[in-house]
2 protein chains.
Amino acid sequence: MLCLCGTLLRMSTAQGARARARTEVTAAIKDEARRQLAAEGAAKLSLRAVARELGMVSSALYRYFPSRDELLTALIIDAYDSLGEAAEAAYAKVRGESPARQWVVVCEAVREWGLARPHEYALIYGSPVPGYTAPSTTVPAAARVGLLLIGIVRDAHQDKGVAQWKLPAELRPEARRMAEDLAPDLPPAVVVVLIGVWAQLFGLVNFEVFGQFNRVVEDRETFFRHAAGQLAHHVGLVYPRSGATER
Amino acid sequence: MLCLCGTLLRMSTAQGARARARTEVTAAIKDEARRQLAAEGAAKLSLRAVARELGMVSSALYRYFPSRDELLTALIIDAYDSLGEAAEAAYAKVRGESPARQWVVVCEAVREWGLARPHEYALIYGSPVPGYTAPSTTVPAAARVGLLLIGIVRDAHQDKGVAQWKLPAELRPEARRMAEDLAPDLPPAVVVVLIGVWAQLFGLVNFEVFGQFNRVVEDRETFFRHAAGQLAHHVGLVYPRSGATER
DNA sequence: GCACAACAGAGAGCACTGCTCTTGCTTTGG
DNA sequence: CCAAAGCAAGAGCAGTGCTCTCTGTTGTGC
């Protein structure tokens with residue numbers, strides 16, 4: 001036990017030359033893979049090409065990633081983390097401001113991240129590429145943006161309460177379940193709307209990143225800000241200036 | 001001119017044995033490709049495997065589709081059409097009923113179509129697979145569901161008017177533009193919300209089809225019906241029983 | 001300090017892919 | 001009836017993921 005702890009500690013802090021080289025090569029592989037991903041898309045990402053570009057033979061690459069799909073999942077996790085970081089950074093900049101503004105700013109950060117890296121975005125919010133389901137190792141990284149959005153609503157709720165909708169009876173048990181799992185301190189009705197709005201946000205970003213808005217929406221930034229504001233309104237966050245949109 | 005017309009007419013009505021064989025083989029190829037698509041996903045769809053299964057040699061297949069990507073775009077168009085047909089069929093069944101109900105029923109049809117054929121759904125609403133942008137030949141087929149939704153709102157509007165939101169000033173020019181292109185007979189504010197809701201609908205379906213709701217939403221059908229109802233509410237369609245959801 | 005094990009890279013090779021080109025054969029239209 | 005066009009087949013090229021074997025190298029326990 002203690003011995004194992006010691007080993008782990010030593011490996012993570014003062015790693016030997018070999019271990020360091022390993023992490024460096026691993027990082028180099030992921031970097032080059034990310035470059036190819038950005039250039040050509042996930043479909044054309046090739047292990048051999050990555051190896052070639054790195055000046056090593058393709059079989060050597062399998063010492064670091066047991067398969068192409070494993071490389072891809074590593075990139076997926078990194079992408080989730082990068083997106084989460086971008087969202088959290090945007091959130092940090094508006095910490096003191098109104099919940100609605102925080103919400104819109106985080107949404108815009110997600111959108112901008114996706115527009116800047118369409119292929120990485122496609123990796124995580126497009127169709128799942130490798131097999132069928134993304135391995136469960138991606139779950140924690142994937143949850144970051146969602147948790148951030150929940151946090152914003154939670155703060156607003158603890159502050160002065162959020163407007164909430166009345167749920168139809170058939171949805172109430174499910175709503176209770178979801179609230180218990182995700183945010184026990186929030187009213188079930190809010191959690192239900194939140195989950196829906198979460199998906200809808202990525203619907204908006206998807207359509208823009210994947211070009212479905214081409215020749216439909218022109219001034220997409222303004223449009224998105226408006227839509228994100230409506231989503232905020234929908235989860236009960238109200239703009240201080242009494243609503244940018246109203247009946 | 002006349003001669004050409006005659007030729008075209010003859011080709012489309014009483015096509016020769018060769019032409020018939022060609023359309024038959026083309027259909028068989030697409031069928032087999034669709035089968036493999038459903039079984040393994042777009043990434044593993046292989047021209048050679050399709051040819052093998054059909055008992056022909058791979059090079060022969062290039063007489064019918066000039067490349068793998070062309071085959072895929074053919075499948076994409078078919079998928080759009082199939083989805084559009086499903087949506088229109090669902091719409092036809094509730095023609096006389098309230099706009100809100102029509103809306104929800106069409107949304108549910110989209111969801112069910114996607115859940116039944118996740119890979120075909122991924123082809124059209126997931127990340128664009130072939131190169132970068134889907135060729136413009138897919139546009140008309142792609143618009144069917146959107147036009148159907150617009151139609152529902154238009155009918156409701158002509159009937160008794162729909163509730164509409166006040167737009168912020170910065171969005172008004174863009175709103176006018178969008179309304180002019182898509183539905184000149186609808187108020188710009190409605191069109192803006194409609195486009196947003198259109199994207200949000202597919203955000204909901206995306207998350208469900210691609211498994212983002214796994215371990216988050218359990219009773220997904222009820223949840224979706226509720227969310228679709230809220231979207232209807234959002235575009236100004238109101239339930240006859242004074243709203244399934246209210247403040 | 002040294003032997004042994006774990007590791008890293010190289011190369012060959014397998015089965016597969018998309019795609020091209022050439023070669024015969026069949027159908028079709030003038 | 002015959003040239004032209006359409007079709008299938010086969011060989012072949014360049015590329016892919018992945019495995020296996022074979023060398024060196026590096027780190028570790030005795």
Side-chain angles (χ1 to χ4, degrees), chain A residues 3-4 6-29 32-33 36-37 39-75 129-131, chain B residues 3-4 6-29 32-33 36-37 39-75 129-131:
Chain A
C3 158
L4 182 65
T7 313
L8 287 175
L9 192 66
R10 193 172 41 206
M11 279 188 63
S12 62
T13 56
Q15 38 183 309
R18 193 159 212 164
R20 188 195 351 262
R22 185 172 179 83
T23 65
E24 266 174 24
V25 174
T26 306
I29 292 172
E32 177 57 32
Q36 294 198 11
L37 181 68
E40 298 269 23
K44 311 221 165 170
L45 172 63
S46 133
L47 273 188
R48 289 182 113 113
V50 170
R52 206 180 305 132
E53 211 67 23
L54 259 54
M56 49 164 87
V57 89
S58 75
S59 59
L61 217 146
Y62 284 83
R63 301 256 168 217
Y64 299 89
F65 295 94
S67 79
R68 198 193 98 114
D69 284 3
E70 293 279 338
L71 211 196
L72 266 183
T73 34
L75 293 183
V129 198
Chain B
C3 158
L4 182 65
T7 313
L8 286 174
L9 192 66
R10 194 172 41 206
M11 279 187 63
S12 62
T13 55
Q15 37 183 311
R18 190 157 213 163
R20 188 193 354 260
R22 184 173 179 81
T23 65
E24 266 174 24
V25 173
T26 306
I29 291 171
E32 177 57 31
Q36 294 197 12
L37 182 68
E40 299 269 23
K44 312 221 165 171
L45 173 63
S46 135
L47 273 188
R48 289 183 113 111
V50 170
R52 206 180 305 131
E53 212 67 23
L54 259 54
M56 48 165 90
V57 88
S58 75
S59 59
L61 216 145
Y62 284 81
R63 299 258 164 212
Y64 299 90
F65 295 94
S67 77
R68 196 194 99 115
D69 285 3
E70 293 279 339
L71 211 195
L72 266 182
T73 36
L75 292 183
V129 198

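Proteins come first, then strands; the chains are lettered A, B, ... in the order of their sequence lines, and each starts at number 1.
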Between NZ of A:Lys44 and C1' of C:dT17 the distance, given in whole Å, is 13 Å

One should read off an interatomic distance between B:Glu32 CD and B:Leu61 CG, to the nearest 0.5 angstrom, of 10.5 Å

Rounded to the nearest 0.5 angstrom, the CG-CZ distance for B:Leu72 and B:Phe65 is 10.0 Å

Rounded to whole Å, the OH-P distance (A:Tyr64 to C:dA6) equals 18 Å

note: B:Phe65, atom CZ; D:dA8, atom P; distance rounded to Å ~ 13 Å

Rounded to whole Å, the CZ-C1' distance (A:Arg22 to D:dT26) equals 14 Å

Here the distance between atom P of D:dG27 and atom CZ of A:Arg20, to the nearest Å, is 11 Å

Here the distance between atom P of C:dG18 and atom CD1 of B:Ile29, to the nearest Å, is 13 Å

Nucleotide by nucleotide, nucleotides 10-18 of chain D touches protein heavy atoms under 4.0 Å in the pattern (B base, S sugar-phosphate only, - none) B-B---BBB

Taking every heavy atom of B:Tyr62 against every heavy atom of B:Ser67, the minimum-distance pair comes out as CE2-CA, 4.2 Å

Separation between CG (B:Asp69) and CG (B:Leu71), nearest 0.5 Å, reads 9.5 Å

Taken to the nearest 0.5 Å, the spacing of A:Glu70 CD from A:Leu75 CG works out to 11.5 Å

Rounded to whole Å, the CG-P distance (A:Leu54 to C:dA10) equals 11 Å

Collect all protein-nucleotide pairs involving nucleotides 21-23 of chain D in which both atoms are nitrogen or oxygen and the distance is under 3.5 Å.
none

Give the table of side-chain donor-acceptor pairs shorter than 3.5 Å for residues 45-57 of chain A, with sequence neighbours excluded, one pair per line with atom names and distance.
residue, atom, partner, partner atom, Å
A:Ser46, OG, A:Arg48, N, 3.3
A:Ser46, OG, A:Ala49, N, 2.9

B:Leu71 atom CG is separated from C:dT17 atom P, nearest whole Å, by 14 Å

